[in-house]
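Residue numbers begin at 1 in each chain, while the letters A, B, ... track the order of the sequences. Note that the structure is a prediction, hence the values are computed from the model and not measured.
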There are 8 protein chains.
Amino acid sequence: MIVASLMPEVLIILGSKSDLPVGKRAMEIFDAFGVEAEMMVASAHRTPKRVDDIVTCSDARVFIAVAGLAAALPGAVASATVRPVIGVPVSGKLNLDSILSIVQMPPGVPVGTVGLDRGENAALLALQILATSDEGLAIKLREHREEMARNVVADSFEVN
Amino acid sequence: MIVASLMPEVLIILGSKSDLPVGKRAMEIFDAFGVEAEMMVASAHRTPKRVDDIVTCSDARVFIAVAGLAAALPGAVASATVRPVIGVPVSGKLNLDSILSIVQMPPGVPVGTVGLDRGENAALLALQILATSDEGLAIKLREHREEMARNVVADSFEVN
Amino acid sequence: MIVASLMPEVLIILGSKSDLPVGKRAMEIFDAFGVEAEMMVASAHRTPKRVDDIVTCSDARVFIAVAGLAAALPGAVASATVRPVIGVPVSGKLNLDSILSIVQMPPGVPVGTVGLDRGENAALLALQILATSDEGLAIKLREHREEMARNVVADSFEVN
Amino acid sequence: MIVASLMPEVLIILGSKSDLPVGKRAMEIFDAFGVEAEMMVASAHRTPKRVDDIVTCSDARVFIAVAGLAAALPGAVASATVRPVIGVPVSGKLNLDSILSIVQMPPGVPVGTVGLDRGENAALLALQILATSDEGLAIKLREHREEMARNVVADSFEVN
Amino acid sequence: MIVASLMPEVLIILGSKSDLPVGKRAMEIFDAFGVEAEMMVASAHRTPKRVDDIVTCSDARVFIAVAGLAAALPGAVASATVRPVIGVPVSGKLNLDSILSIVQMPPGVPVGTVGLDRGENAALLALQILATSDEGLAIKLREHREEMARNVVADSFEVN
Amino acid sequence: MIVASLMPEVLIILGSKSDLPVGKRAMEIFDAFGVEAEMMVASAHRTPKRVDDIVTCSDARVFIAVAGLAAALPGAVASATVRPVIGVPVSGKLNLDSILSIVQMPPGVPVGTVGLDRGENAALLALQILATSDEGLAIKLREHREEMARNVVADSFEVN
Amino acid sequence: MIVASLMPEVLIILGSKSDLPVGKRAMEIFDAFGVEAEMMVASAHRTPKRVDDIVTCSDARVFIAVAGLAAALPGAVASATVRPVIGVPVSGKLNLDSILSIVQMPPGVPVGTVGLDRGENAALLALQILATSDEGLAIKLREHREEMARNVVADSFEVN
Amino acid sequence: MIVASLMPEVLIILGSKSDLPVGKRAMEIFDAFGVEAEMMVASAHRTPKRVDDIVTCSDARVFIAVAGLAAALPGAVASATVRPVIGVPVSGKLNLDSILSIVQMPPGVPVGTVGLDRGENAALLALQILATSDEGLAIKLREHREEMARNVVADSFEVN
């Protein structure tokens with residue numbers, strides 16, 4: 001029922017198709033760094049078994065779970081694996097709902113939460129995790145930091 | 001692995017043993033009304049399969065799920081059954097975390113949320129649900145309302 | 001003064017005509033499941049007696065009350081009946097006002113609260129309540145869950 | 001069923017006996033100013049008809065309603081009279097619940113809300129309202145302001 | 001320096017010209033009830049002496065103060081008079097700022113706070129205060145309530 | 001009516017005697033740095049003229065205003081002077097009330113707000129302001145920073 | 001790497017180019033008062049060394065730091081200097097994030113926080129600080145206050 | 001100036017000695033799993049260079065930063081390394097301040113945030129990160145999950 005071979009390093013799970021813009025920001029980072037990532041939709045509340053199956057069958061070394069409202073997906077993914085799970089709260093009418101329902105995980109099952117709609121930061125954190133055993137990737141991450149720093153200096157010239 | 005025969009009308013699931021005081025307030029209501037209820041501990045994050053097994057195997061007609069922090073339990077129960085699920089947020093350092101992570105369920109999988117630590121109200125709502133097809137129970141609920149009203153009048157004499 | 005015969009299984013009461021979009025989402029669910037529901041406007045603050053009359057005279061087995069701001073309507077309905085009452089907070093400038101004034105009911109008079117503007121979930125919870133004594137309806141609800149699950153899988157194909 | 005003659009200028013209604021400390025602070029102010037006030041317990045949710053009967057039968061010129069949680073009482077009092085209603089939110093685990101469910105009244109039925117647990121301010125506002133047609137009371141209120149000002153100066157000497 | 005004769009029953013003070021839409025909703029109510037009201041702009045922070053002069057010189061029996069952000073105006077008006085002061089928080093980027101800085105007045109100097117942007121409710125509360133010594137006005141207020149109730153019934157027909 | 005000669009460099013005004021612990025933390029900093037400071041109590045709501053008189057008559061070069069709840073004092077001080085005003089919100093049942101009613105000042109009349117109960121930081125900021133024209137004081141502030149840094153290193157040894 | 005000579009009295013640092021509108025409101029005030037100010041972009045998180053270098057090398061007597069989200073910039077500037085630092089939280093999806101991460105500085109390193117997006121108030125506070133040793137500037141600030149007051153009176157005529 | 005050899009796999013940095021109880025919960029997890037970790041105190045605001053030196057010199061593969069209030073430490077650590085950084089917000093008078101100032105990091109510099117005071121979850125997430133390249137550790141983590149699950153079942157027996 002579920003796609004058999006999941007070979008990417010990182011698996012991004014969206015709680016709903018409406019979370020796609022946030023997921024895309026993550027995918028763009030993975031593309032830029034040349035790291036294999038895959039994106040799927042699976043809802044903790046509408047398809048709990050699918051979430052469990054996807055996570056259990058996946059060979060991904062890091063998971064990113066993107067969800068809004070009462071955002072149970074990151075915790076559901078975390079409960080199904082001992083791989084690191086990064087949670088991305090999605091903005092809506094309240095915003096505190098998705099942030100708190102991801103970050104306030106109980107003892108024993110952590111989720112590393114990034115900021116509201118911060119798909120790009122979830123991807124960068126995933127890359128940092130992979131880079132703990134991949135010095136080539138670590139070098140690319142340092143270069144990316146330097147590029148960001150150069151952009152800040154360039155921006156500074158523009159504001160004057 | 002899980003107790004085989006679950007015959008109670010209502011099953012109360014606590015996310016953690018620390019939620020017991022809230023669960024007890026519900027049990028006291030069920031005892032007072034003579035309705036069979038059972039209480040178990042099952043964590044959405046530490047024992048997701050246990051939650052699914054308990055709910056799937058249970059013959060209960062109503063579920064009550066009690067949890068604090070990023071309170072995924074009520075939603076996890078709701079995703080495993082089409083029986084009505086009542087969620088009880090448990091108080092902690094933030095309080096808004098448990099309320100919002102229970103009440104803000106996405107479309108398709110509802111949880112009827114009661115107030116912070118309101119185990120007694122969860123039980124009364126469960127009884128009201130059972131009473132939609134049990135007029136004897138409805139009569140008892142009306143008598144309980146009348147008794148509460150009399151207590152308010154008695155309280156009023158005391159404050160003067 | 002009030003329409004005499006209220007035969008629907010579920011009565012939806014809107015606190016104001018402006019809550020109609022939320023109410024309509026509930027009606028669409030009832031229509032899809034072939035369950036009789038009726039929708040009325042009655043304000044806890046502008047027409048308290050009307051709320052009491054409507055609830056007292058109604059034969060509905062479940063009530064849904066939709067309101068924003070200091071949303072007293074769900075509690076007012078709940079105080080007038082021992083039928084289960086589902087409260088739907090409506091979004092506005094604050095959002096926490098309607099959520100907290102519905103979910104934080106005092107002991108003795110429960111309201112099962114669903115998420116902000118979640119008329120469809122109120123309807124599904126009402127159907128789940130009715131299905132505790134109607135196995136045919138329970139089967140339809142399970143089919144609806146399965147359909148939602150299939151849609152998630154279909155959405156997953158689209159995001160790749 | 002309810003005490004027949006209600007002759008006080010101000011009627012204080014507590015939503016629950018537990019709100020008594022807040023009510024007492026109001027009573028102390030009325031005693032100090034020699035204005036007749038009476039205090040009763042009546043719950044918007046457990047005794048809605050009692051609230052309506054008390055308010056409808058009362059000759060009070062100002063009402064004070066004290067309540068916590070989903071504090072529907074001030075709004076329920078306001079919907080039953082065109083006399084001015086002052087609402088006092090009572091503190092609890094959230095605090096924003098009682099404040100917002102009193103202050104955010106919809107258009108048409110106002111409640112003048114004072115601060116959390118501020119029974120004394122509710123009483124002073126009631127006296128100010130009565131003083132709009134009682135110059136003797138206005139003079140006393142001005143003297144009270146002057147006394148408060150003198151106390152501030154005295155406090156200032158103590159902190160050095 | 002300030003207009004000498006202030007004869008209206010109610011004086012509306014706006015903290016800023018940008019609060020005019022909220023003030024206008026109050027003026028429309030006063031016009032409809034044939035009660036004299038006047039509206040001025042005076043800022044607690046930019047023109048503190050002007051606020052004091054206006055309030056001290058005014059013969060108004062009720063004051064309405066409308067302000068957003070750190071809304072000190074209602075409290076500043078209240079500190080300059082023992083007439084009843086009604087505060088109206090104005091919406092902005094936070095909303096909780098204006099609500100809390102008006103409603104949370106310290107002991108001794110009350111402000112009766114109405115809901116966010118609720119100019120019309122401030123006017124109705126002012127009328128209710130004036131009506132404590134004007135039975136003709138009280139009758140008009142009751143008629144207004146009845147008209148609102150009729151409108152709710154009319155709205156109810158429309159939603160079906 | 002008010003003490004004639006106010007010669008200190010910094011004047012600390014407490015909104016209430018209960019704010020004394022926060023004021024004392026500021027005084028301890030001024031004592032340690034050998035800068036003259038004076039502390040008084042004056043309430044924006046109970047003694048508005050006193051606040052104005054104190055500020056207008058004072059030769060202080062910096063003002064610190066300490067207040068809780070609907071904390072109008074810092075803004076009232078700021079509206080009476082073009083000297084820099086530092087506001088200190090005092091903790092209570094809500095905390096957001098004092099923070100937001102100090103920090104959210106409207107355009108034109110700034111208050112530099114420090115953290116909840118942070119009397120010591122208000123004093124340090126006042127010293128930094130005085131040090132913009134007093135290099136000796138700037139040197140002492142740099143030494144204080146170095147001492148704090150040494151304490152952090154010392155603390156680090158203790159935690160191992 | 002960084003512009004060598006920084007001679008302005010005030011240095012405005014933006015955490016990101018997107019904070020430019022807030023910075024411009026500050027620059028307009030400095031232009032109007034004829035005080036030299038410079039604006040740069042430097043991110044506490046993307047260019048921490050640049051922030052340190054800019055602050056350490058600058059001869060500015062007051063710093064203004066403008067940032068949104070987890071706004072670490074004002075604190076980073078404050079940790080690098082004993083000059084007064086004014087922090088300006090920038091609005092976004094939450095607003096409380098930038099306010100609290102600027103105002104809640106720990107003991108020892110103060111930041112004087114102004115309101116959300118209040119670049120103009122940051123500039124005015126900086127001018128007030130400079131005016132503690134520049135009476136000519138103090139006179140201009142008093143004239144600015146008087147002009148604001150006149151504008152309020154003019155606005156008052158318009159609302160009638 | 002700083003201890004020369006930092007050989008642990010994980011470096012825990014506390015923003016203040018008062019954060020020690022949260023740090024100890026992390027250390028207990030590392031001890032139980034036999035992973036080398038070290039704990040230091042370094043404040044982003046009082047010792048920014050020390051934070052930078054510690055992080056730059058460290059060979060740790062994962063960093064944990066623990067801080068309360070305006071919690072800049074995790075972001076400061078993250079800006080100095082491309083190793084994964086886990087932030088732990090510490091509880092205080094507000095709680096939302098530390099959570100939001102850690103989780104709401106701007107694009108480009110991620111921090112993986114865990115729940116309030118959740119030192120144990122920070123440690124477990126660090127172990128999960130290390131286990132992405134250490135299957136032996138992954139096995140231990142799975143055993144730990146199984147033990148937690150058994151404890152839940154044992155707790156369930158106790159509540160009956």
Part of C:Ala78 lying under 4.5 Å from any heavy atom of chain D: neither
Between C:Ala76, C:Pro106, C:Pro107, C:Gly108, which residue shows the highest count of heavy-atom pairs closer than 4.5 Å to chain D? C:Pro106
Part of C:Ile99 lying under 4.5 Å from any heavy atom of chain D: neither
Listing request: all ring pair (Phe, Tyr, Trp, His ring centres under 6.0 Å) pairs with a residue in residues 55-104 of chain D, at least two apart in sequence or in separate chains. none
For a quick check, list the donor-acceptor atom pairs closer than 3.5 Å between chain D and chain C, or say none.
unit_1	atom_1	unit_2	atom_2	d
D:Lys49	NZ	C:Asp52	OD2	3.2
D:Asp52	OD2	C:Lys49	NZ	3.2
D:Ala70	N	C:Gln104	O	3.0
D:Asp97	OD2	C:Gln104	NE2	3.0
D:Gln104	O	C:Ala70	N	3.0
D:Gln104	NE2	C:Asp97	OD2	3.0

Look at D:Gly75, D:Ala72, D:Gly15 and state which one has the largest set of heavy-atom pairs under 4.5 Å with chain C. D:Gly75
